[in-house]
Visitor: 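Please see the structure below; I have some questions.
Note that the coordinates shown come from a computational prediction; the quantities given were computed from them, not determined experimentally. Every chain is numbered from 1, with letters handed out A, B, ... down the list of sequences.
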Amino acid sequence: MGRTVRTLLGVLLLAGLGTGPALAAGEAEPPIVQSWPHQGVFGTFDRRALQRGFQVYKEVCSACHGTKYLAFRNLAALGFSEEEVKAIAAQYTVIDGPNDQGEMFERPARPSDRKPSPYPNEQAARAANNGAYPPDLSLIVKARAGGENYIYSFLVGYEEPPAGVTVPDGMYYNKYFPGHMVAMPPILQPDGVTYADGTKATVSQMARDVTQFLAWLAEPKMEERKSTGIKVMIFLVVLTALLYAYKRRIWADVH
Amino acid sequence: MADTTAPVQTAEGGKRRDFLELVTWSTVAIGTAAMVWPLVHQMNPSADVLALASTEVDLSKIPEGSAIKVMWRGKPVFVRHRTAAEIAEAAAVPLSELRHPEPDSARVKKPEWLIMVGVCTHLGCIPLGTAAGEPKGEYGGWFCPCHGSHYDSSGRIRKGPAPLNLPIPDYTFLSDTLVRIG
Amino acid sequence: MASDAEPLVLKSPTLRWIEHRLPIIGFGYQHLVAYQTPRNLNYWWNFGSLAGICLMIQIVTGIVLAMHYTPHVAHAFDSVEHIMRDVNWGWFLRYAHANGASMFFIVVYIHIFRGLYYGSYKPPRELLWMLGVVILLLMMATAFMGYVLPWGQMSFWGATVITNLFSAVPFFGEAIVTWLWGGFAVDNPTLNRFFSLHYLLPFVIVGVVFLHLVALHTHGSNNPVGIDLTKKDKIPFHPYYTIKDLFGLSVFFLFFGSFLFFAPNVLGHPDNYIPANPLVTPPHIVPEWYFLPFYAILRAITFDILFIPAKLGGVIAMFASIGVLFFLPWLDKSKVRSARFRPIYKIFFWLLVLDCFILGYVGANPPEGWLVPLGQVATFWYFAHFLIVLPLLSKLERPLPVPESLSTPVLGRGMAAAPAE
């Protein structure tokens with residue numbers, strides 16, 4: 001039995017190694033480790049933080065970053081009512097068509113539409129941003145080693161470059177970014193947004209809120225996954241106990 | 001000691017084994033069924049398909065006496081701008097003559113606009129009669145070429161194998177010339 | 001002790017009618033119910049049937065995922081996100097399939113090492129073992145092509161690097177790679193054929209598994225003591241091993257579920273959530289964890305060997321690391337199967353296990369500094385184990401006395417024949 005445990009631990013160790021190199025990538029500082037309400041087996045999203053984070057995304061990030069997998073209908077999961085979702089959608093214009101004259105036309109977005117991206121394609125995005133491409137944020141939390149902690153650290157990680165380091169024009173120094181030179185300016189500024197619930201919009205508050213929103217956006221089925229998982233695990237524990245008892249009974253005459 | 005207790009133990013053991021067996025296999029069966037459900041349910045419409053459940057139609061482009069087809073949930077919807085004669089004809093039919101009795105007034109929100117799902121209730125073909133020049137069938141409505149069902153100017157089944165009238169989708173008039181289906 | 005199952009009696013005339021014309025009921029009965037199995041199998045023997053279950057899970061979840069997946073470079077990534085976000089239970093099916101692949105390899109690797117420890121590859125089970133190696137090769141091909149399908153950065157660059165291995169082939173290398181790609185880079189034709197083959201190969205695996213089972217049932221399972229057992233030391237498969245396998249399956253599901261529901265991306269790589277970009281290579285390309293030891297062997301050959309350039313040498317070494325397994329039954333000629341009675345082999349077995357973990361560690365990290373010589377030593381040891389140690393041990397090792405049967409103690413040693421593990 002002891003050997004079984006050791007082998008399983010070994011397998012887990014080997015499995016863990018697969019993610020090792022990415023964490024070690026670059027000479028950037030390791031991200032600040034924070035505790036997140038949606039972490040862990042029982043963690044769920046903080047709806048108020050998600051709504052605040054959506055506000056930060058909408059008012060600040062979305063000028064340059066798209067979220068191509070976000071449909072307005074998905075916002076209902078943030079705790080918005082159907083009417084609020086419709087109102088948010090209606091603030092955007094999407095291209096539809098062709099109409100009976102064979103022309104594309106613009107119309108207000110509906111909940112079933114996906115949020116339009118700020119640029120029609122990557123080339124246009126690069127042209128507007130000095131050659132840098134603001135990545136789509138739909139999956140950003142899952143697409144970066146360090147996940148939430150990295151995104152948060154990156155957003156609060158702008159600082160003056162150390163002595164002797166020259167930052168090229170149009171670049172900024174960020175101590176958590178691999179290579180440190182990043183084309184994105186320190187876009188979060190104190191009171192950059194006005195929260196409806198009166199929360200003070202400090203840089204770290206906004207970074208924390210928008211990170212949680214992006215974590216939700218990367219894995220919107222996380223709560224469903226975990227709650228299903230808890231039920232499945234409880235069921236399996238019972239089943240395993242039953243099968244063990246039954247197995248011992250059947251084997252009683254052999255041992 | 002052993003002589004007297006052994007048979008009792010066996011009897012109890014046998015009984016317990018039956019109960020354990022029943023509970024264990026039932027739990028296995030429940031678990032298997034639960035695992036099968038996602039495999040089945042994944043074939044139902046996904047969230048994005050369900051969200052695309054409405055479409056808007058501009059009525060100002062449809063002259064009286066003609067009709068158009070629009071796509072709604074992957075199926076055609078017939079929108080017909082009926083003439084006064086067609087409305088009168090549809091209203092005059094006694095319910096007793098109908099296979100699927102529905103008064104014309106129950107099938108329209110505004111009598112001049114007939115809006116219904118254009119899928120034959122027999123086996124799912126698209127009846128003719130919407131575009132100009134297509135056969136409208138013996139009752140001046142629609143004719144399904146697959147198995148010869150005839151629908152009247154209210155889209156009610158009058159002759160042929162189809163069991164029911166053409167169904168009416170949910171729709172609302174957003175203005176006099178704009179209607180949203182779904 | 002229970003030994004024989006009841007003979008099959010069909011009461012229903014309908015079943016008798018069928019059985020007379022198509023004897024599948026009797027076949028199933030003979031191989032799943034009455035099949036004579038050693039009574040002393042330990043839990044390491046659970047991993048064979050578990051591997052079969054894993055294969056079924058992969059096939060079933062794969063078929064339903066294929067209902068929503070689009071094998072086109074413009075839509076593949078989107079269709080995977082569509083599965084994750086909009087398809088009913090899509091997240092569950094995809095995570096089950098992605099983590100299921102890892103589970104399958106964990107199970108199969110344990111199954112293989114069990115065979116190594118207890119000498120299950122020795123006569124008369126050489127073909128059984130070799131068919132198993134064929135299954136491993138097919139699994140690797142299938143898993144590799146499956147990892148390409150989501151069309152993320154790791155998919156694309158993994159496919160590029162692995163297909164480029166074939167460019168090391170002398171004279172025909174370039175032609176072979178162009179043929180594999182169907183173009184001049186990994187692109188839409190490559191994705192399409194990988195999807196087609198990824199769907200096909202599992203059914204080929206099913207076929208080879210069937211042959212594996214035919215070979216198994218010809219001479220029966222090996223056992224922890226490694227001796228040929230007589231009838232009195234065997235029991236029918238059902239109910240003894242059906243219930244034991246079911247219990248093991250339930251424990252396995254607890255392990256599987258802890259990944260699937262609570263850490264579904266731990267075994268994956270963040271870069272695969274970035275859509276494939278042929279213009280940008282990720283800083284570190286690493287294969288899935290189950291390929292890491294082989295990746296380390298590939299990179300260990302950093303020097304030319306005679307007329308073989310290093311690049312080709314690495315590819316040859318990597319394929320040879322599996323190829324050598326085909327010859328295992330003839331490299332280890334010791335008459336004693338189980339490591340229980342081979343004290344020196346037992347030590348070398350655990351050294352091989354350790355060596356594989358070291359290779360995995362080396363494969364996971366950039367080939368820099370001391371990891372390069374470590375990888376080379378570990379690679380040397382891997383081959384030395386099979387090509388030098390095993391043949392020598394066959395001659396030099398003095399095995400402990402082996403019992404005649406499970407119930408007879410070893411004469412002169414005064415110890416029980418089969419101590420529980």
Visitor: What are the two closest non-hydrogen atoms of Val237(A) and Leu254(C), and how far apart are they?
Guide: CG2-CD2, 4.0 Å
Visitor: For residues 127-134 of chain A, which side-chain N or O atoms pair as donor and acceptor with protein atoms under 3.5 Å away, sequence neighbours left out?
Guide:
unit_1, atom_1, unit_2, atom_2, d
Asn129(A), ND2, Tyr119(A), OH, 3.1
Asn129(A), ND2, Ala125(A), O, 2.8

Visitor: Which bit of Asp78(C) comes within less than 4.5 Å of chain A, counting heavy atoms only: side chain, backbone, both or neither?
Guide: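 Both parts, heavy atoms under 4.5 Å.
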Visitor: Return the option, out of Pro264(C), Ser102(C), Gly363(C), with the maximum number of heavy-atom pairs under 4.5 Å with chain A.
Guide: Pro264(C)
Visitor: Going by ring-ring contact (aromatic ring centres under 6.0 Å, His included), name the residues that satisfy it together with Phe253(C), two or more places apart in sequence or in a different chain.
Guide: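 For Phe253(C), no residue satisfies ring-ring contact (aromatic ring centres under 6.0 Å, His included) once neighbours in sequence are set aside.
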Visitor: Rounded to the nearest 0.5 Å, what separation is found between the OG atom of Ser250(C) and the CG atom of Leu239(A)?
Guide: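 It comes to 3.5 Å.
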Visitor: Is it the side chain or the backbone of Phe113(C) that comes within 4.5 Å of chain A heavy atoms, both, or neither?
Guide: neither
Visitor: Heavy atoms, side chains only, cut-off 4.5 Å: are Leu139(A) and Phe77(C) in contact?
Guide: yes
Visitor: Please classify the contact of Leu249(C) with chain A as side chain, backbone, both or neither, using a heavy-atom distance under 4.5 Å.
Guide: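 Contact with chain A: none, neither part.
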Visitor: NZ of Lys226(A) to CZ of Phe261(C): how many Å apart, nearest 0.5 Å?
Guide: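 Answer rounded to 0.5 Å: 13.5 Å.
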Visitor: Tell me, do Phe92(C) and Val232(A) make a side-chain contact under 4.5 Å, heavy atoms counted?
Guide: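 When only atoms from C-beta onward are counted, Val232(A) and Phe92(C) do not touch, as no gap falls below 4.5 Å.
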Visitor: Any side-chain heavy-atom pair from Ile274(C) and Arg144(A) closer than 4.5 angstrom?
Guide: yes
Visitor: What I'd like to find out is whether the side chain of Leu217(A) reaches to under 4.5 Å of the side chain of Arg85(C), using heavy atoms alone.
Guide: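 They are in contact (side-chain heavy atoms under 4.5 Å apart), so the answer is yes.
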Visitor: Can we call the ring centroids of Trp251(A) and Phe247(C) under 6.0 Å apart?
Guide: no
Visitor: Which answer fits Ile230(A), side chain, backbone, both or neither, if we ask what part of it has an atom under 4.5 Å from a heavy atom of chain C?
Guide: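 When you check distances to chain C, atoms from both the backbone and side chain of Ile230(A) fall under 4.5 Å.
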Visitor: Within the 4.5 Å heavy-atom criterion, are Trp91(C) and Glu224(A) side-chain neighbours or not?
Guide: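 When only atoms from C-beta onward are counted, Glu224(A) and Trp91(C) do touch, with a gap below 4.5 Å.
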Visitor: If I compare all heavy atoms of Gly229(A) with all of Phe262(C), which pair ends up nearest, and what's the gap?
Guide: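 Minimum heavy-atom contact is C-CZ, 3.6 Å.
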Visitor: Could you tell me the separation between the CD1 atom of Ile250(A) and the OG1 atom of Thr242(C), rounded to the nearest 0.5 Å?
Guide: 6.5 Å
Visitor: Is it the backbone or the side chain of Ser258(C) that comes under 4.5 Å from a heavy atom of chain A, or both, or neither?
Guide: both
Visitor: Answer with side chain, backbone, both or neither: which region of Phe105(C) has an atom nearer than 4.5 Å to a non-hydrogen atom of chain A?
Guide: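 Contact with chain A is absent: no heavy atom of Phe105(C) under 4.5 Å.
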Visitor: Do Tyr95(C) and Arg225(A) have side chains that approach each other closer than 4.5 Å (heavy atoms only, starting at C-beta)?
Guide: yes
Visitor: Can you list the residues that meet the salt bridge (charged side-chain N to carboxylate O under 4.0 Å, His left out) rule with Lys142(A), with sequence neighbours excluded?
Guide: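 Lys142(A): salt bridge (charged side-chain N to carboxylate O under 4.0 Å, His left out) contacts with Glu219(A).
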Visitor: Considering only heavy atoms, which portion of Tyr109(C) lies under 4.5 Å from any heavy atom of chain A: side chain, backbone, both, or neither?
Guide: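 Neither the backbone nor the side chain of Tyr109(C) comes within 4.5 Å of chain A.
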Visitor: So how far is it from Phe256(C) CZ to Leu236(A) CG, rounded to the nearest 0.5 Å?
Guide: 11.5 Å
Visitor: Contact between Trp89(C) and Thr228(A) at the side-chain level, heavy atoms closer than 4.5 Å - yes or no?
Guide: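 Sidechains of Thr228(A) and Trp89(C): in contact.
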Visitor: Which members of residues 64-75 of chain A, sorted by number, sit under 4.5 angstrom from chain C on a heavy-atom basis?
Guide: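 Answer by number: Lys68(A), Tyr69(A), Arg73(A).
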